[in-house]
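Heads up: the structure comes next, in structure tokens.
Ligands are counted one by one from 1 in listed order, and the atoms in each one are counted from 1 as well.
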Amino acid sequence: MALQLGDIAPDFSAETTQGPVRFHDWIGGGWAILFSHPKDFTPVCTTELGYMASLKGEFEKRNCKIIGLSVDPLDSHREWSKDIAETQGHAPNYPLIADSDRKIANEYGMIHPNANDTMTVRSVFVIGPDKKIKLMITYPASTGRNFDEILRVLDSLQLTARHQVATPVNWKHGEDVIIVPSVSDEEAKQKFPSGWKALKPYLRIVPQPRAH
Ligand code: BEZ
């Protein structure tokens with residue numbers, strides 16, 4: 001059955017450009033992002049992997065590790081990394097999984113045979129410290145992802161986990177947030193002693209608590 005939000009992210013062992021990884025152990029007690037790219041030595045992937053390297057510090061601030069995957073072998077990942085450094089100014093500074101037998105890609109539903117039966121699509125999984133899947137997105141091979149959006153979602157997920165607040169439409173870091181419906185007004189008084197603005201009993205707005 002296809003993976004869904006709230007499922008435990010399947011554990012696996014893999015060869016990566018930074019050595020062997022046992023996925024759940026590698027995640028440790030923090031957050032993780034697993035993302036697939038269709039193929040090494042392709043233009044859109046080259047820009048994506050370089051940009052992810054430039055964002056690594058932002059993910060680290062959020063206690064989040066990043067790891068890429070494609071079905072290409074390790075020596076290809078290593079050779080291509082030089083091109084990424086040359087053209088994007090950043091070599092991948094995170095592990096890239098070589099999933100040559102497509103075991104992980106199949107388990108995570110990263111191969112969509114009616115789109116392409118050999119390459120992985122552009123999947124992103126955000127995984128929480130409890131190893132559960134918090135977010136999944138799937139983009140076609142021809143569209144590069146917006147990794148700033150993944151950072152934004154990570155901020156939202158971490159605010160929900162720490163402070164029981166949700167984030168409204170088009171929310172950006174620093175803007176007001178919403179007290180989740182499962183928190184009663186009595187509980188909210190404890191959590192948000194400065195109060196909130198209730199536009200409706202179910203729509204309670206508070207300033208954003210510290211995110212990270
Ligand atoms: C790319 O990364 O540029 C790409 C990969 C597969 C199909 C189309 C584009």
Does [X] reach ligand 1 with a nitrogen or oxygen that is under 3.5 Å from one of the ligand's nitrogen or oxygen atoms?
X	value
S142	no
C45	yes
P38	no
A141	no

Donor on one side chain, acceptor on other, T118 and N116, under 3.5 Å: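 Note: T118 and N116 side chains meet the donor-acceptor criterion.
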
Polar side chain donor-acceptor pair, H77 to D72, under 3.5 angstrom: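 No pair is found: no donor N or O on one side chain lies under 3.5 Å from an acceptor on the other.
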
Nearest-0.5 Å distance, CZ of residue F35 to CD1 of residue I150: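 Separation between the atoms: 10.0 Å.
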
Electrostatic pair E187-K191, nearest N-O below 4.0 angstrom: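 Judged by the 4.0 Å cut-off on N to carboxylate O distance, E187 and K191 do not form a salt bridge.
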
Per-atom contacts of ligand 1 with P43, taking only distances under 4.0 Å to non-hydrogen atoms: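 Result: 1 (C), 2 (O), 3 (O).
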
V44 neighbourhood, listing ligand 1 atoms whose heavy-atom distance to it stays under 4.0 Å: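 Reading through ligand 1 atom by atom, the close ones are 1 (C), 2 (O), 3 (O).
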
Best match, R122, K39, M119: closest heavy atom to atom 4 (C) of ligand 1: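 Looking at heavy atoms only, the winner is R122.
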
cation_pi(K65, W31) dist<6.0 Å, angle<=45: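 No, K65 and W31 do not form such a contact.
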
With sequence neighbours excluded, residues passing salt bridge (charged side-chain N to carboxylate O under 4.0 Å, His left out) with R22: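 By the salt bridge (charged side-chain N to carboxylate O under 4.0 Å, His left out) rule, R22 matches D11.
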
